[in-house]
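First the proteins, then the strands, lettered A, B, ... as listed; each starts at 1.
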Protein chains: 6
Amino acid sequence: MRLLVANPNTTDAITDACAAAARAAAAPGTEIIAVTARFGPAVIASRAENVIAGHAVLDLLAEHAGTVDAALLAVSHDTALDAARQIMPCPVVGMTEAACLTACMLGGRFGLVTFGGVELYRELMTRYGLESRLADIIGVNAATAEADADSIGSKVLAAARALAAEGATSVVLAGAALASLDNRLQEASPVPLLDGMACGVRMAELLVALKLPKPRAGSYAALAGRQASGISEPLGALLRGDR
Amino acid sequence: MRLLVANPNTTDAITDACAAAARAAAAPGTEIIAVTARFGPAVIASRAENVIAGHAVLDLLAEHAGTVDAALLAVSHDTALDAARQIMPCPVVGMTEAACLTACMLGGRFGLVTFGGVELYRELMTRYGLESRLADIIGVNAATAEADADSIGSKVLAAARALAAEGATSVVLAGAALASLDNRLQEASPVPLLDGMACGVRMAELLVALKLPKPRAGSYAALAGRQASGISEPLGALLRGDR
Amino acid sequence: MRLLVANPNTTDAITDACAAAARAAAAPGTEIIAVTARFGPAVIASRAENVIAGHAVLDLLAEHAGTVDAALLAVSHDTALDAARQIMPCPVVGMTEAACLTACMLGGRFGLVTFGGVELYRELMTRYGLESRLADIIGVNAATAEADADSIGSKVLAAARALAAEGATSVVLAGAALASLDNRLQEASPVPLLDGMACGVRMAELLVALKLPKPRAGSYAALAGRQASGISEPLGALLRGDR
Amino acid sequence: MRLLVANPNTTDAITDACAAAARAAAAPGTEIIAVTARFGPAVIASRAENVIAGHAVLDLLAEHAGTVDAALLAVSHDTALDAARQIMPCPVVGMTEAACLTACMLGGRFGLVTFGGVELYRELMTRYGLESRLADIIGVNAATAEADADSIGSKVLAAARALAAEGATSVVLAGAALASLDNRLQEASPVPLLDGMACGVRMAELLVALKLPKPRAGSYAALAGRQASGISEPLGALLRGDR
Amino acid sequence: MRLLVANPNTTDAITDACAAAARAAAAPGTEIIAVTARFGPAVIASRAENVIAGHAVLDLLAEHAGTVDAALLAVSHDTALDAARQIMPCPVVGMTEAACLTACMLGGRFGLVTFGGVELYRELMTRYGLESRLADIIGVNAATAEADADSIGSKVLAAARALAAEGATSVVLAGAALASLDNRLQEASPVPLLDGMACGVRMAELLVALKLPKPRAGSYAALAGRQASGISEPLGALLRGDR
Amino acid sequence: MRLLVANPNTTDAITDACAAAARAAAAPGTEIIAVTARFGPAVIASRAENVIAGHAVLDLLAEHAGTVDAALLAVSHDTALDAARQIMPCPVVGMTEAACLTACMLGGRFGLVTFGGVELYRELMTRYGLESRLADIIGVNAATAEADADSIGSKVLAAARALAAEGATSVVLAGAALASLDNRLQEASPVPLLDGMACGVRMAELLVALKLPKPRAGSYAALAGRQASGISEPLGALLRGDR
């Protein structure tokens with residue numbers, strides 16, 4: 001299967017890191033096609049950047065609609081995930097949602113660790129209806145840590161231990177900056193650490209394997225006859241239902 | 001005060017109708033400046049259109065940032081409301097949120113009537129944390145009704161009566177297509193009907209009168225130093241904090 | 001418009017302070033009529049006092065029913081707010097509810113600061129269905145602070161900073177003793193401070209401007225034919241529907 | 001033990017009916033002292049009446065404070081229940097809360113049947129935090145039914161059957177007008193019917209038997225030093241802590 | 001009445017302690033029949049032990065079905081409570097649920113103190129729909145404390161004080177190891193301490209006194225015609241409906 | 001990988017059907033080992049049967065602990081799922097939870113169709129914290145339908161259509177009796193139908209692929225030193241931590 005790893009950020013380095021993580025996690029037959037948003041924020045870290053990137057990721061996905069078997073959004077905010085599901089003819093997976101749902105399958109409540117502000121992740125959990133499965137969110141201060149991978153690791157491990165002490169059965173690492181930390185810290189952590197790219201790739205493979213049809217009714221059914229201006233031709237075509 | 005009525009749809013007729021409704025509702029000293037999105041869907045009625053219009057409305061607001069005292073989003077989906085609050089130096093109001101919060105001040109639970117699908121409005125109520133204040137949502141079938149204003153009125157009135165019977169103290173009319181119906185049907189309805197434009201204009205005036213400062217911390221504080229490409233210069237300037 | 005500021009406490013000094021705050025916040029055309037409960041607790045600060053004052057405030061409102069355009073309850077417990085809405089022919093606003101709904105329009109979650117016990121405010125938030133919009137409540141210890149306005153200010157500011165750190169976008173100051181603190185502390189606070197009297201006056205003006213009819217059905221419709229003994233004639237008249 | 005059955009309505013006939021029901025339900029050693037509010041609504045059936053009766057029932061309870069071992073509020077709205085608990089030196093039980101908590105001990109979810117409007121009962125369930133244990137509330141139309149006990153019985157039985165079909169394991173009959181119906185309809189109902197007076201009497205006996213001390217801290221601790229005017233001497237004494 | 005105190009643990013010492021506590025709490029006419037599970041964990045303290053003991057307690061109850069007027073489960077996890085209610089012809093009470101519902105009748109929110117892990121109790125509260133009535137759960141570290149009753153008492157008292165400070169009106173002591181502590185610590189605690197065995201015995205007496213019929217419909221109705229193998233004859237008979 | 005399909009019912013025909021469904025859904029390298037409970041109910045359809053089967057399925061899993069890479073519970077009640085996760089050294093998946101979490105990845109809310117009573121499934125959804133993702137549950141009357149596969153299909157399809165009309169994006173088929181219906185009805189249904197065995201097999205494969213360690217702390221950590229009597233040697237060994 002062909003899995004589109006779509007980076008809503010415009011930073012190629014993030015795309016490369018996510019592609020590498022995706023390839024490391026994928027099953028043998030899964031081909032990773034990694035692409036970067038054509039416009040928008042370099043790194044999504046605020047409400048406004050997330051909204052702009054929402055348009056950018058739909059634009060990006062539309063360009064590849066019909067040529068891939070599934071898409072995985074390479075951003076911990078799961079930017080525009082539901083809209084992407086509506087317009088795309090294939091399954092679309094968000095890396096944080098995928099990790100949280102995987103965490104649910106380990107039982108009990110999960111914790112979430114991220115860099116910086118936690119409020120957008122709290123809202124995301126509410127949107128997913130997962131509040132009662134969430135033990136807590138800890139925002140690690142990344143200010144000076146970026147220069148020092150060991151320091152980041154120590155902070156994330158401390159957060160995982162704190163969340164386990166609060167009752168978390170597992171901990172989701174949310175944020176591209178945390179990618180690959182799961183492998184390095186897994187052994188030292190009292191509870192399993194879940195990486196969004198790894199969970200996302202496997203969830204995408206699962207959805208493709210299940211061969212579920214697209215909803216033909218309701219708010220996720222494909223669009224038809226919708227008009228728009230000033231957007232890319234491929235995206236416009238998906239709104240019109242021309243593809 | 002100068003109130004920007006920003007239409008995230010690209011249809012001028014909607015802008016005109018909303019501007020008229022806003023002027024009818026405004027206090028004497030309120031000047032209405034009505035503007036239309038430069039790109040995006042003609043009419044927002046789906047998840048994908050709402051995401052694209054999110055970018056469009058930020059683009060539109062950025063163009064007017066600093067020249068108005070408040071902004072009101074002229075779309076019942078309150079498109080990109082929180083991101084708009086983050087980047088704008090003035091209060092930003094969503095018409096459906098404004099009507100729902102006004103309904104709360106009448107006591108008890110409110111109902112909501114819209115055209116077509118109700119799922120996006122249900123999610124909006126969850127996002128606002130207003131589920132327990134919501135009696136129910138009724139989606140009026142507008143298929144053939146558009147040609148016949150009387151028929152629409154009858155359907156909306158029937159919905160308002162049904163919601164009152166379910167315990168609603170008031171009913172929010174959500175959707176530009178329902179604008180002005182509140183006045184026509186108010187007398188025949190067992191409970192008050194709330195129009196988003198009227199409530200939104202008055203809420204914007206209230207926020208301006210309160211002279212509240214913008215948050216200097218947290219997820220609604222102004223941005224600074226954020227980089228993006230392929231977006232309008234005014235929007236980029238707000239991300240960089242250049243204004 | 002004529003706005004009744006009804007103080008359910010029997011302490012005239014509170015009435016005067018609230019009247020002054022209301023006048024400072026009101027629009028030019030708003031006349032403030034400040035009145036004090038005829039009986040009941042000097043200062044409402046417990047469950048039992050709040051219940052007794054509930055009768056007292058209905059008694060007080062009934063006396064002025066038909067002579068004012070709106071009423072604002074000058075007590076942070078929003079005492080008997082829903083019953084007042086039922087019997088009065090005009091809009092009735094609670095100062096804490098008004099501040100909380102204003103806070104909702106700033107986005108995200110709000111904090112609440114009060115003096116002493118927080119449990120009644122927690123229950124009020126549950127009654128309003130605003131739990132998910134509430135970041136936290138902090139009860140400032142006012143024991144020795146009353147003699148020292150600067151000390152109160154420092155404690156409230158510290159509470160506001162703590163709430164902002166927990167993710168609050170704004171902070172509601174609940175309690176007459178906190179009135180006017182919003183202006184003094186606004187500049188030093190990381191997030192906007194909301195005063196119940198200021199928000200309440202403006203919300204009352206908004207409701208009057210909207211000219212909404214009173215519900216004719218349901219649990220907020222005017223009463224008729226209800227019998228009672230040992231209550232004031234004006235209140236009895238509202239129960240009987242004689243006015 | 002001496003159990004005060006306090007009727008917040010001013011209608012003696014309700015007091016008599018409740019006293020009879022209480023005596024029928026009580027254990028051998030329980031003496032029932034039935035008393036009627038000195039002022040307030042004849043029959044509580046609205047928000048405003050419930051607030052006025054709140055003062056009346058505190059007035060009534062205060063008169064008997066110290067002379068009884070427990071108190072049971074003889075009104076399905078559990079009027080002023082929490083305030084009563086705060087000021088009284090003995091346990092205070094609400095008949096609807098008692099029936100709902102008894103229903104919880106039968107497992108699963110319960111239904112609730114009442115006469116007329118359901119909105120106040122819905123709010124009561126929310127206040128008790130029992131929403132997830134509530135299957136549904138049905139308001140039986142009592143307009144013409146009062147003249148005909150058989151007709152009432154049929155309607156209540158139909159409601160009980162409908163609630164059982166929705167998944168209710170038991171049904172609470174809320175409202176003095178439904179008293180004694182539980183015995184008559186018990187056999188025909190698919191699930192047990194719970195009467196508030198019977199459950200309330202037994203719950204009061206249980207609390208007395210447990211000999212629990214009154215909270216010495218928090219929002220239910222006895223009051224002291226609180227001033228009020230225009231209220232009865234016994235009630236004032238409880239606020240001052242003179243008893 | 002005859003009250004079966006059924007210990008799902010296989011440790012006789014727990015049965016004896018619970019029987020003594022039950023006898024101390026019971027009304028004069030209540031005969032306590034204390035029995036111990038025939039198989040399963042010595043002491044239930046984990047998910048798996050709780051599941052195994054679920055079968056064991058049904059096996060134990062079935063042996064006594066028809067010979068007792070009510071049953072009380074002598075384990076703080078309320079093991080298999082709902083299933084026990086389904087198969088038994090008499091009321092079945094869980095000691096922790098009984099204590100929590102008693103706590104509700106004292107008003108406000110309650111706290112819960114236990115030994116060791118709190119996660120299973122948190123899930124129990126969710127299952128009972130009592131989250132909003134729960135102030136917090138504190139797990140006292142019992143590692144070295146078992147040898148020293150005074151030390152346990154100090155820790156439990158400190159927990160009760162912390163819970164009261166968080167707003168709890170009462171505190172439920174959950175765990176056989178905490179039995180009888182309520183009497184010793186009651187005076188020193190700022191809020192009442194509730195013991196599950198005492199509350200459970202009285203709740204069982206209440207249910208017997210109310211003479212409620214067993215549901216004849218729904219998920220708690222008696223079983224009939226259900227086949228099973230490898231289980232005890234009395235339990236099999238209850239599934240088949242032969243008794 | 002070796003996947004244990006553990007049937008907690010004692011009916012071999014169910015095991016065979018589930019094994020066939022599992023093999024049809026599995027990836028090429030997945031070997032299905034299907035086993036049947038040694039004791040307990042023939043078919044789990046009530047609270048009591050579910051509890052007895054909880055012990056039976058732990059007994060069954062223990063027998064195979066260490067010889068398989070993952071286990072899938074072949075029963076729509078996800079019997080003893082969390083306890084199984086605690087004791088087993090490998091991932092354990094419940095078929096209904098797996099289908100519901102898969103449904104979450106399709107976006108929006110899902111519906112659930114089952115045979116007969118819905119109350120246990122409602123409680124399961126609450127336990128999983130998925131209430132807000134659940135559109136509704138429909139219990140198809142299977143009384144006479146069992147003899148007629150076409151009739152069952154028609155009823156399930158009607159239920160799926162009703163759930164889609166209520167806003168469901170997908171529909172979970174819960175119950176062994178519904179196995180394989182997803183394939184037959186998929187084309188006629190307006191929204192995708194999800195089968196628990198198919199989703200469960202794929203979720204088990206996903207968890208094995210992720211190579212997550214078992215929690216070493218908290219309520220899902222492996223047991224050690226726990227004593228029990230009258231249970232199978234393999235199960236006892238897992239409690240003691242001997243394996």
Side-chain angles (χ1 to χ4, degrees), chain C residues 9-11 37-59 61-62 79-88 116-123 126-129 217-232 235-236 238-239, chain D residues 9-11 37-59 61-62 79-88 116-123 126-129 217-232 235-236 238-239:
Chain C
N9 305 280
T10 50
T11 303
R38 292 191 306 123
F39 66 89
V43 177
I44 303 167
S46 68
R47 297 177 184 281
E49 290 166 310
N50 205 26
V51 163
I52 298 167
H55 177 197
V57 75
L58 294 190
D59 175 282
L61 291 171
T79 306
L81 177 56
D82 285 324
R85 282 174 175 151
Q86 180 182 38
I87 59 165
M88 289 294 277
V118 306
E119 210 64 15
L120 271 75
Y121 292 99
R122 194 186 305 278
E123 295 172 11
T126 300
R127 186 132 67 82
Y128 292 157
S219 64
Y220 288 89
L223 293 173
R226 306 303 304 170
Q227 300 302 319
S229 60
I231 61 171
S232 76
L235 184 51
L238 289 178
L239 296 189
Chain D
N9 305 281
T10 50
T11 303
R38 292 191 307 123
F39 66 89
V43 178
I44 303 167
S46 68
R47 297 176 184 280
E49 290 166 310
N50 205 26
V51 164
I52 298 168
H55 177 197
V57 77
L58 293 190
D59 175 282
L61 291 171
T79 305
L81 176 57
D82 286 323
R85 282 174 176 151
Q86 181 182 38
I87 59 165
M88 289 293 277
V118 306
E119 210 64 14
L120 271 75
Y121 292 99
R122 193 186 307 277
E123 294 172 11
T126 299
R127 187 133 65 82
Y128 293 157
S219 63
Y220 288 88
L223 293 173
R226 306 303 304 170
Q227 301 302 319
S229 59
I231 61 171
S232 76
L235 183 52
L238 288 178
L239 296 189

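There is no contact between Ala56(C) and chain D, counting heavy-atom distances below 4.5 Å. Heavy atoms of Ala84(D) lying under 4.5 Å from chain C are absent altogether. Proximity to chain C involves both the backbone and the side chain of Ser46(D), based on heavy atoms less than 4.5 angstrom apart.
Annotation for Ala80(D) and Val51(C): closest pair CB-CG1, 4.0 Å, computed over non-hydrogen atoms. The heavy-atom pair separating Ala83(C) from Ala48(D) by the smallest distance is CB-CA, 3.7 Å. The two residues Pro41(C) and Ala228(D) come nearest to each other via the heavy atoms CA-CB, 3.6 Å.
The residue among Arg226(C), Arg85(C), Glu123(C), Arg47(C) with the most heavy atom pairs within less than 4.5 Å of chain D is Arg47(C). Note: Gly40(D) leads Ala37(D), Gly129(D), Gly40(D) in heavy-atom pairs under 4.5 Å with chain C. In terms of non-hydrogen atom pairs under 4.5 Å with chain D, the most contact-rich of Ser229(C), Gly54(C), Gly117(C), Ala45(C) is Ser229(C).
Taken to the nearest 0.5 Å, the CD1 atom of Ile52(D) stands 6.5 Å off from the CD1 atom of Ile87(C). Distance check: Glu49(C) CD to Leu58(D) CG gives 11.0 Å after rounding to the nearest 0.5 Å. Asp82(D) CG to Leu120(C) CG: the interatomic distance, rounded to the nearest 0.5 Å, is 9.0 Å. Residue Gln227(D) holds its CD atom at 13.5 Å from CG of Asn9(C), rounded to the nearest 0.5 Å.
Judged purely by atom type and a 3.5 angstrom limit, Glu119(D) has no side-chain atom pairing as donor or acceptor with the backbone of Ser219(C).
Evaluation of the side-chain contact (heavy atoms from CB on, under 4.5 Å) rule for Thr11(C) yields Ala13(C), Ile14(C), Ala42(C), Val43(C) as partners, not counting sequence neighbours.
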